[in-house]
Amino acid sequence: MLEKKVLITDCDHGNVDVESETFKKAEISFDLEQCKTEEDLISKGKGFEVFINQYAPVTRSVIENLPDLKLVVRYGVGVDNVDIAAATEHGVQVCNVPDYGMNEVADQALAMMLNFTRSISRMNSFVRKGVWDYQKSMPLYRHSEQTVGVIGVGRIGSSFAKKVKSLGCRVVAYDPKYLDEKAKKSPDFIDEFLPLNELLEQADVVSIHCPLDKARNLIDEKELQKMKPTAYLINVSRGGIINEQALNKALTNQWIAGAAVDVAENEPLQPESALLEHDNFICTPHMGWYSEQAALELKRKVAEESIRHLNGDQVHYPINFKEEKESIQ
């Protein structure tokens, strides 16, 4: 039997036991490297047909210098470190794993929202200073009287929308795929689809759940100024969707009441970031996807997607070359 090999280009998980066991059952071998640069990938990736990739930059140069490469599978949802156009030109299939931690990410956004709308961390800070006074939390509002705006209603945005709908919130959403005639078929957990400007003007909480590729700087100064001064902004999607300089200006000038993010334009967010000077800014270290179960599911699914490709089967999560695989989605 011809040996088929997979390269895990980089992985910061504690181990690759799940991947190893999955490949072992399929009688497929793999290597593990910790590539960080284009040069690392080119020098260590020669001869491999499949890359399982976390952060290493799969650029045009990498793709052009590795003619044996036919598949890149990302650990996670985002593919912004892979040159999709170059991959498509050279016949390289790119896949992600969009459904491994969608409820965890939605829960992260919900937790951030509730932290603000029930003033949890702020009041904890007062109590630790010896101030036992609920009036320091004022004003708080009943969730059934609040409007939550969801930007992007894919898997994660839909999960989040359902959760806040169950609290009694009015849920409005912005997603280009539901505009015009498709709006008539909107899901029952969305009360109304709105243009972005109208959503920002109406929402008491705005939560972002869209990919970066078409949404860089989607929320800039102009958009932040449209929000209510009592509104909160949440981003558990990708850094760069919110312009961080504009967000700092918004918090400084009290255009909005607060912001919580699980992502940054450049990660990790540096301790000297001006955003961290604001008491009403919350940041977690790109952990929204994580639970023990989600981590194991992700590791299994990247291996299974690789095996499907190597066995000549249709992949389940194509980013490019989707036409032939729509029935899998």
Side-chain angles (χ1 to χ4, degrees), residues 1-84 86-102 104 286 289-322 324-325 328:
M1 179 179 175
L2 181 65
E3 186 176 14
K4 300 173 180 176
K5 294 192 70 176
V6 176
L7 177 66
I8 300 178
T9 64
D10 58 311
C11 181
D12 65 3
H13 304 168
N15 60 67
V16 291
D17 293 348
V18 173
E19 297 92 323
S20 180
E21 184 63 27
T22 306
F23 282 127
K24 183 178 179 182
K25 290 177 182 177
E27 299 183 345
I28 292 173
S29 66
F30 76 96
D31 285 351
L32 170 65
E33 297 287 355
Q34 294 298 346
C35 300
K36 296 185 182 301
T37 66
E38 292 176 295
E39 291 75 17
D40 290 342
L41 288 171
I42 292 168
S43 65
K44 296 177 181 178
K46 293 188 186 310
F48 289 98
E49 184 173 341
V50 176
F51 279 2
I52 296 178
N53 167 268
Q54 190 169 14
Y55 303 120
V58 185
T59 63
R60 177 174 291 276
S61 177
V62 169
I63 293 166
E64 290 177 347
N65 279 280
L66 297 175
D68 294 321
L69 182 64
K70 300 302 177 187
L71 174 73
V72 177
V73 186
R74 276 277 295 117
Y75 275 114
V77 181
V79 291
D80 40 287
N81 65 316
V82 180
D83 189 325
I84 304 299
T88 302
E89 284 178 32
H90 289 80
V92 177
Q93 176 75 69
V94 180
C95 298
N96 64 351
V97 184
D99 58 355
Y100 72 101
M102 59 184 185
E104 284 81 356
H286 206 146
W289 64 274
Y290 171 72
S291 70
E292 284 296 300
Q293 293 80 8
L296 295 175
E297 183 180 355
L298 172 62
K299 294 162 79 63
R300 173 176 57 81
K301 284 186 171 180
V302 295
E304 289 174 344
E305 190 79 321
S306 302
I307 292 166
R308 277 188 282 272
H309 166 82
L310 290 170
N311 287 340
D313 299 327
Q314 287 187 338
V315 292
H316 284 194
Y317 307 112
I319 295 297
N320 55 355
F321 306 121
K322 289 183 178 182
E324 309 115 17
K325 307 168 179 71
I328 299 296

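- A heavy-atom distance below 4.5 Å is found between the side chains of D31 and F48.
- Between V315 and F321 there is no side-chain heavy-atom pair separated by less than 4.5 Å.
- Proximity of a side-chain donor or acceptor of S20 to a complementary backbone N or O of V16 within less than 3.5 Å is not detected.
- Contact check for V50 versus H309: side-chain heavy atoms found under the 4.5 Å cut-off.
- Among N96, V92, D83, I319, the one residue that satisfies the side-chain contact (heavy atoms from CB on, under 4.5 Å) test with V72 is V92.
- Judged by distance alone, the side chain of R60 and the main-chain N or O of E64 form no donor-acceptor pair under 3.5 Å.
- Residues I42 and S61 meet the side-chain proximity criterion, which asks for heavy atoms closer than 4.5 Å.
- At least one side-chain heavy atom of N81 sits under 4.5 Å from a side-chain heavy atom of R74.
- When atom types are taken as modelled, the side chain of Q93 and the backbone of N320 share a donor-acceptor pair closer than 3.5 angstrom.
- No side-chain donor-acceptor contact under 3.5 Å links E305 to the backbone of V73.
- At least one side-chain heavy atom of R300 sits less than 4.5 Å from a side-chain heavy atom of E304.
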Exercise. Passes side chain to side chain contact (heavy atoms under 4.5 Å, CB included), D10 versus N53? Steps please.
Worked result: CA-CA 6 Å; D10 58 311; N53 167 268; 3.6 Å; yes

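- Taking 4.0 Å as the cut-off between side-chain N and carboxylate O, K24 and E21 do not count as a salt-bridged pair.
- Look at D99 and K301 and you find a salt bridge, because one of the NZ, NE, NH1 or NH2 atoms lies within 4.0 Å of a carboxylate O, short of that distance.
- Proximity of I52 to F30: side-chain heavy atoms (C-beta onward) are nowhere separated by under 4.5 Å.
- Residue K46 qualifies as enclosed at atom NZ: its count of foreign heavy atoms under 6.0 Å is above 12.
- Using modelled atom types, one side-chain atom of K299 and one backbone atom of N15 make a donor-acceptor pair closer than 3.5 Å.
- For Y75, the ring pair (Phe, Tyr, Trp, His ring centres under 6.0 Å) partners two or more places apart in sequence, or in a different chain, are H13.
- Under the 3.5 Å distance criterion, the side-chain polar atoms of Q54 are matched with a main-chain donor or acceptor of D12.
- Residues K70 and E49 are not paired through a salt bridge, judged by the lack of any N-O separation under 4.0 Å between the basic side chain and the carboxylate.
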